Protein chains: 2
Amino acid sequence: MSEKRKQIIEAATKSFSLFGYKATTMDQVAKMANVGKGTIYTFFKSKEELLEEIVSSMISEIKHEADEAIDQHLSFKENVQRALQRIFTFRKEHELTIKLLQEVRDIGTPAVRDVMKRLDREMIAYVREKIEEAMAKGEIRSCDPELTAFLMFKMYIALNVDWEKEHEPLSQQKMAELFDLYLLKGLSQ
Amino acid sequence: MSEKRKQIIEAATKSFSLFGYKATTMDQVAKMANVGKGTIYTFFKSKEELLEEIVSSMISEIKHEADEAIDQHLSFKENVQRALQRIFTFRKEHELTIKLLQEVRDIGTPAVRDVMKRLDREMIAYVREKIEEAMAKGEIRSCDPELTAFLMFKMYIALNVDWEKEHEPLSQQKMAELFDLYLLKGLSQ
DNA sequence: GTTTTGACTAAATGAACATTTTGGTCATTT
DNA sequence: AAATGACCAAAATGTTCATTTAGTCAAAAC
């Protein structure tokens, strides 16, 4: 990939992480990337597309990390658990996701809202794949994979994000227990 | 209760349902209630308190409806299901809740946001009570009642509200099955 | 004496306008 | 052919000012 393109992406990622999408100007990105503003538009057709590309890479990165958490020797239950844990740890600790989620909450920038929705959809699709594989292998009983992935994801959001708004955060240990107790029981053969 | 007070509450409820909280003026309420504006302030210390009182009555009404759905001859599982179904049917069909939820989503009026949060908290507390009763009677296994009520509520929101944003709505039948399959299995003795 | 009221006020809102900022372009330079 | 930054239209932001509105209180009604 072109060196300039890489610089632009790097600069934009840093600026989005630091100031958010809205507060980042294309002049700013050009300055940080040491390129003329016009150069950015030879690689990306708009500011929004620049964000989309960055988030696409981030999605790949998250999927890669989740894949790394999966261990073929472990059961489906343990693996889906480990994968989701990785996904949400990323969400919580990665500067860019933190800043973008903040921006959606506080200002609701439409471009950012859309891109974060896509992130959610892609994570659900990822879990769905794992469910379909496990179903094919007969590791879990037959179920609607989309709906199941959706519920798993929502439960993880509830435990990881919503619960903490009004209560003490749950330990990873406790969350694993709850997830197993409430959601995975229904999938046992 | 004073006749005037009743008129005021009735007028405000109607106006909040029709136009929302923000778009309702105290002059408007006074006109609709056929009282002077000053009279409102002999019963309620502010517009916000007027809303709070109305929502408090609504909460009682919802709890009452949920109680009506409960049948002592049925199992805990069936009853908690029936109660939650009633709660969410109310939420979806009652003019005032529809309008207020819309207002939170579209404008985010703080007073309305707070009052709707309280509604959620109170519904969770209601479910929590039912769980504690069932636990005391040995109908379900021991669990953290707050956390369990919280998860039940979040799962119902996921199925009733979030799922419909990107998929075909689920039938009551299907929702009951899912709720049983995924969440209630974990509570079986 | 008590209750009710609506004219009044201070604060909030928003319409209208001026100013600045910014995403995106393109003629020029390298 | 690739890169640039001055330039422009449009959007965002700041400012002003008239209108609206939540809440008060002196006077009226009972």
Side-chain angles (χ1 to χ4, degrees), chain A residues 1-55 99-100 102-104 106-115, chain B residues 1-55 99-100 102-104 106-115:
Chain A
M1 179 172 27
S2 149
E3 186 56 37
K4 289 213 183 290
R5 192 188 148 93
K6 217 176 276 178
Q7 288 169 347
I8 292 164
I9 291 212
E10 205 175 306
T13 304
K14 193 169 281 178
S15 183
F16 290 159
S17 301
L18 228 47
F19 312 114
Y21 175 78
K22 205 182 172 214
T24 291
T25 69
M26 294 304 260
D27 276 309
Q28 162 95 293
V29 173
K31 274 248 174 63
M32 283 175 71
N34 275 103
V35 299
K37 187 160 60 152
T39 309
I40 300 178
Y41 288 89
T42 64
F43 294 107
F44 308 94
K45 81 172 206 297
S46 67
K47 183 183 179 185
E48 195 164 342
E49 199 189 273
L50 180 55
L51 173 69
E52 276 161 14
E53 285 242 9
I54 287 173
V55 170
K99 198 73 192 177
L100 293 181
Q102 245 176 44
E103 188 167 338
V104 174
D106 300 343
I107 341 185
T109 322
V112 183
R113 202 174 40 75
D114 290 353
V115 102
Chain B
M1 182 172 26
S2 147
E3 187 55 38
K4 289 211 183 291
R5 191 187 149 94
K6 217 177 277 179
Q7 289 169 351
I8 292 164
I9 290 211
E10 205 174 305
T13 304
K14 193 169 280 175
S15 183
F16 290 158
S17 301
L18 228 47
F19 312 114
Y21 175 77
K22 207 186 170 210
T24 291
T25 69
M26 294 303 262
D27 276 309
Q28 162 95 292
V29 174
K31 274 248 174 60
M32 285 175 71
N34 275 105
V35 298
K37 186 159 60 150
T39 310
I40 300 178
Y41 288 90
T42 64
F43 294 107
F44 308 94
K45 82 173 204 298
S46 67
K47 185 182 179 186
E48 195 164 341
E49 200 189 272
L50 179 57
L51 174 68
E52 276 160 15
E53 285 243 8
I54 288 173
V55 170
K99 199 72 192 178
L100 293 182
Q102 243 177 45
E103 187 168 339
V104 174
D106 300 343
I107 342 184
T109 323
V112 183
R113 202 173 40 75
D114 290 354
V115 103

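On a predicted model such as this, the values are computed, not experimentally measured, just so you know. Every chain is numbered from 1 and lettered A, B, ... according to where its sequence line falls, protein lines coming before strand lines.
One end of the helix from C:dG1-D:dC30 to C:dT30-D:dA1 points its axis 20° away from the other end's axis, with each axis taken from 5 pairs and the angle rounded to 10°.
A:Lys22 comes within 4.0 angstrom of the backbone, heavy atoms only, and of no base.
Distance CD1 (A:Ile107) to P (D:dA12): 12 Å, rounded to an integer number of Å. In this structure, A:Ile8 places its CD1 atom 14 Å from C1' of C:dG24, rounding to the nearest Å. With rounding to whole Å, B:Lys4 atom NZ is found 10 Å from C:dG6 atom P. Atom CD in B:Glu3 sits about 15 Å away from atom C1' in C:dT4, given to the nearest Å. In this entry the distance linking CZ of A:Phe43 with P of D:dA1 reads 16 Å, nearest Å. Look at CD on B:Glu49: it is 15 Å from P on D:dA22, rounded to the nearest Å. Regarding B:Gln7, its CD atom lies at a distance of 9 Å from the P atom of C:dT5, rounded to whole Å. Whole-Å rounding puts the A:Glu52 CD to C:dG23 C1' distance at 15 Å.
A:Ile40 is listed as a side-chain neighbour of A:Val29, based on a closest heavy-atom distance under 4.5 Å. The shortest side-chain heavy-atom distance between A:Leu100 and A:Val55 falls under the 4.5 Å cut-off. The shortest distance between side-chain heavy atoms of A:Thr109 and A:Val104 does not fall below 4.5 Å. Within the 4.5 Å cutoff, the side chain of A:Asp27 has heavy atoms near those of the A:Lys37 side chain.
A distance of 11.5 Å separates CZ in A:Phe43 from CG in A:Leu50, rounded to the nearest 0.5 Å. The distance from the CD atom of B:Glu103 to the CZ atom of B:Arg113 is 12.0 Å, given to the nearest 0.5 Å.
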Quiz item: Can you check salt bridge (charged side-chain N to carboxylate O under 4.0 Å, His left out) on A:Glu52 and A:Lys47, steps first, answer last?
Solution: CA-CA 9 Å; A:Glu52 276 161 14; A:Lys47 183 183 179 185; over 6 Å; no
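For A:Glu10, the CD atom sits in a loose shell: 12 or fewer heavy atoms of surrounding residues, nucleotides or ligands are nearer than 6.0 Å.
Ion pairing between a basic and an acidic side chain is recognised when a charged N comes within 4.0 Å of a carboxylate O; B:Arg5 and B:Glu53 show such pairing.
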Practice problem: Classify every nucleotide of nucleotides 23-29 of chain D by which part a protein heavy atom approaches to under 4.0 Å, writing B for the base, S for the sugar-phosphate alone and - for neither, in 5'-to-3' order. | Solution: BBB----
